[in-house]
Amino acid sequence: MIKVGMAYYPEHWDRSLWEEDAARMKALGVHVVRLAEFAWGRMEPEEGRFDFSWLDEAIDVIARHGMQVILCTPTNSAPVWLYTDHPETVQWGRNGRPTDIGIRGHRCIQSPVFRRYAGRIVDEMARRYAGRPEVYAWQIDNELESNHCTCPSCREAFRRWLEEKYGTVAALNRAWGTDVWSGQITRWDQVQPLLAPDCLPDWHNPAFMLDYERFAAWCTADYVRWQRQLIRHFDPDAIVTTNSCFCGNMPDFHQEFAQLDVAAYDNYPPMDVPEDPETLYSNAFALDFIRGFKRKNFWILEQLGGAGGCWSPMGVAPEPGMIEGYAMQTVAHGADLVSFFRWRSSCSGAEMLGHGVLDHDNRDNRRLAEIGNFCRRLEKLPALDETGLHSDVALLYGADQEFALKNQRQSRNFAYWTQLKLFHDACMGLGVNVDVVAEDTPLDGYKAVLVPTHYVTDRALAERLEAFAAAGGTAVLTNRSGVKDAHNNCIFGETLPTAFRKLCGCRVEEYDAIGERRMRIASVNGGSYLVTGWCDILEPEGAQVWARYTEKFYAGAAAVTKNAFGAGRAYYVGAVGERALYRALLTEIFRELSIPVVPGLPDGVEVTTRSGAEGCYRFFFNNTLRGKSFALGERRVTLRPLEMKIETEGGEWL
Ligand code: GAL
């Protein structure tokens, strides 16, 4: 059974409300209540004095109403006494100064002093609640970002990390190429974190920046591993996870979740339903990306429950159907637990304008009713959690690519996420399940592997893709592949796409970073597509030309190629195209590989399939505010705005 959850803050409400709140949640269909991620101040009101009595009581109330809890470690918000009495625990900003205290999230997860106190509160909690039947799972901290803290202990930790990696400053200087601009390091203590905003990232050495991002991501993964160990010490069978979100300081999610038992995400789709192509399937992309963290079903630890806008100004109200529809959408992409945020909007504190399910007046409302509908629908599908998404198509994501390209833009109108999303968009448009997975994922089981912009080169991936194509698979590569070595320096003496040249059967003769300019390419099949951002001028070395440029000094040169490789193929897309280009390419590739598509899907309608021994369910979701109607074989499917229809194996609609 898919579990429904609810974030609840007993510490914000009078004790007299708890019983009624629990009864209402239970009646709604909630199974698990998520507690305590910001409650350290109530658990340890003074240094070393612990008070769990209120939490014991809250858990008892919830359990008495037949629900379990997800307990969160409260380390996101340290109590004020910790910051004032131990200032080494305060996070420092990118400006190289301590952050203001009294808000949340401003602890340094790397500081040994913070670790001492955080370790103690996690220990106390884990010892107390370990193995209790009321505890369904644990959440570590809250929405962890990559550790960009610049405090003295983080500086020290970065230097130690580098010392371990390079051994000597001479080796670091070689790896970073510090002869440019007299950047030689002569002592470890000369290394600084990446500071801003005094200097834009693109003024810094890219090799330094990539190592800094890797270090910052490693800190977060290490923090998660450390907390999981503390919990598991007392509760060896505990399910431990953390709630991820997308942010400016993206961690390396694959590294982070490798330490955890299940992937989890906070899902706040935009309330202004996207209509432009770049964002149309953004939410679907996020969910497919999360599923890829562990290549299995995942949890939503915070799901849209009301108007956003934490902290101010307030966001627009969710349209009717949105609360239910977006919750169903997560299930369609592989969620096995959906926990709404939050039971009731807070009456105090900075977040009072970020709306939960209930408003401040505490009345039943339409948002609550929609969650009720969601629960009733899931009750009709009791074995859904035994099904999963099986994809013939993998879309490879690399944290290194993200880090390197974010700090060193290649051209306007060309960004790593856009590249990924263009391919994902085409899969969605064709109704094909796609896994967004890490670059080191084993490729067996997939028929097509899409690899946009593999920029920081992993030569082992090139070999794996060659073996994959030789055995009959199709690999798709794009512009700016094979550009950098593992240190984020340009590869010398090899022509692009370097490690992928043999696989793709073409070379990049020259390139043109066209930025915001647009021009047309013409495919050999008669298609004409706009491209922007970047143009690789390709010279086939065995590959066929799939499309040619029609303008500038390279009119007539190859823009997209297709190479036969063993029993399979490799495509190379040299430019950043409009959506139709990827749609046309993937239509051809899926036809060649006999991957079934759903033809004629209207824009914004998503089709995904969950299958398993218990059956097969096809989900049709209309992620738009307009009604949609389309032919599905002989039948006609009509979807209201934000409606989800589920088709069983026998062709019955649920
Ligand atoms: C999340 C966060 C929650 C709450 C929510 C409001 O990012 O984890 O604590 O602030 O946003 O929408």
Side-chain angles (χ1 to χ4, degrees), residues 5-13 32-43 69-79 91 99 102-107 109 137-146 220 223-224 227 241-251 253 256-257 260 263-272 282-283 286-287 289-290 298-318 322-323 326-327 330 335 337-360 367 370-371:
M6 189 64 76
Y8 186 54
Y9 299 92
E11 70 275 23
H12 297 181
W13 306 105
V32 286
V33 180
R34 174 174 163 263
L35 298 173
E37 78 276 22
F38 303 116
W40 189 346
R42 282 290 293 268
M43 293 179 194
V69 298
I70 295 177
L71 276 185
C72 307
T73 65
T75 46
N76 181 279
S77 285
Q91 189 181 84
T99 339
I103 44 181
R104 74 178 194 187
H106 295 310
R107 73 286 179 244
I109 61 170
W138 292 78
Q139 173 188 310
I140 291 171
D141 210 287
N142 192 69
E143 292 193 340
L144 287 161
E145 301 190 6
S146 198
T220 307
Y223 179 68
V224 154
Q227 282 216 19
T241 184
T242 189
N243 53 337
S244 60
C245 71
F246 299 155
C247 54
N249 288 339
M250 288 277 243
F253 292 114
E256 184 181 345
F257 281 95
L260 297 168
Y265 174 60
D266 289 353
N267 186 38
Y268 294 101
M271 238 94 42
D272 292 314
S282 280
N283 213 43
L287 299 169
F289 185 45
I290 309 302
F298 57 91
W299 292 359
I300 299 294
L301 282 170
E302 292 183 17
Q303 171 67 23
L304 179 76
C310 67
W311 290 254
S312 69
M314 234 183 280
V316 293
M322 240 178 204
I323 301 287
Y326 280 140
T330 71
L337 180 148
V338 185
S339 186
F340 290 88
F341 191 85
R342 52 188 276 168
W343 175 241
R344 188 168 38 236
S345 318
S346 175
C347 290
S348 54
E351 216 172 31
M352 58 172 69
L353 302 184
H355 279 63
V357 179
L358 299 181
D359 291 325
H360 300 114
R367 305 199 292 277
E370 285 196 22
I371 296 177

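Note that ligands are numbered from 1 as they come in the structure, with each ligand's atoms numbered from 1 the same way.
Nearest protein heavy-atom contact of atom 6 (C) of ligand 1 is Glu351 OE2, 3.3 Å. Scanning the protein heavy atoms around atom 9 (O) of ligand 1, the nearest turns out to be Arg104 NH1, 3.0 Å. Considering only non-hydrogen protein atoms, atom 5 (C) of ligand 1 sits nearest to Tyr268 OH, 3.4 Å.
When His355, Glu143, Glu37, Glu302 are checked for heavy-atom proximity to atom 3 (C) of ligand 1, Glu302 turns out nearest.
Between Asn142 and the choices Asp266, Asn76, Thr75, Asn243, the side chain to side chain donor-acceptor pair (under 3.5 Å) rule is met once, by Asn243. The residue from Thr241, Leu35, Val32, Val33 that alone fulfils the side chain to side chain contact (heavy atoms under 4.5 Å, CB included) condition with Ile70 is Val32.
Using cut-offs of 30° and 60° on the angle between ring planes, the pair Phe289 and Phe246 is tilted.
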Just do the side-chain contact (heavy atoms from CB on, under 4.5 Å) check on Trp13 and Cys347 with the steps written out, would you? CA-CA 9 Å; Trp13 306 105; Cys347 290; 3.9 Å; yes
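For the pair Leu287 and Phe298, the tightest heavy-atom approach, listed with the atom from each and the gap, is O-CE2, 3.8 Å.
A donor-acceptor contact shorter than 3.5 Å is absent between the side chain of Ser146 and the backbone of Asn249.
Shown in contact with Phe38 at under 4.0 Å from a heavy atom are these atoms of ligand 1, numbered in order with element: 9 (O). Annotation for ligand 1: atoms under 4.0 Å from non-hydrogen atoms of Asn142 are 2 (C), 8 (O), 9 (O). Contact atoms of ligand 1 toward Asp266: 8 (O) (distance under 4.0 Å to a heavy atom of the residue).
Checking only distances, Asn243 never comes within under 3.5 Å of ligand 1, N or O to N or O.
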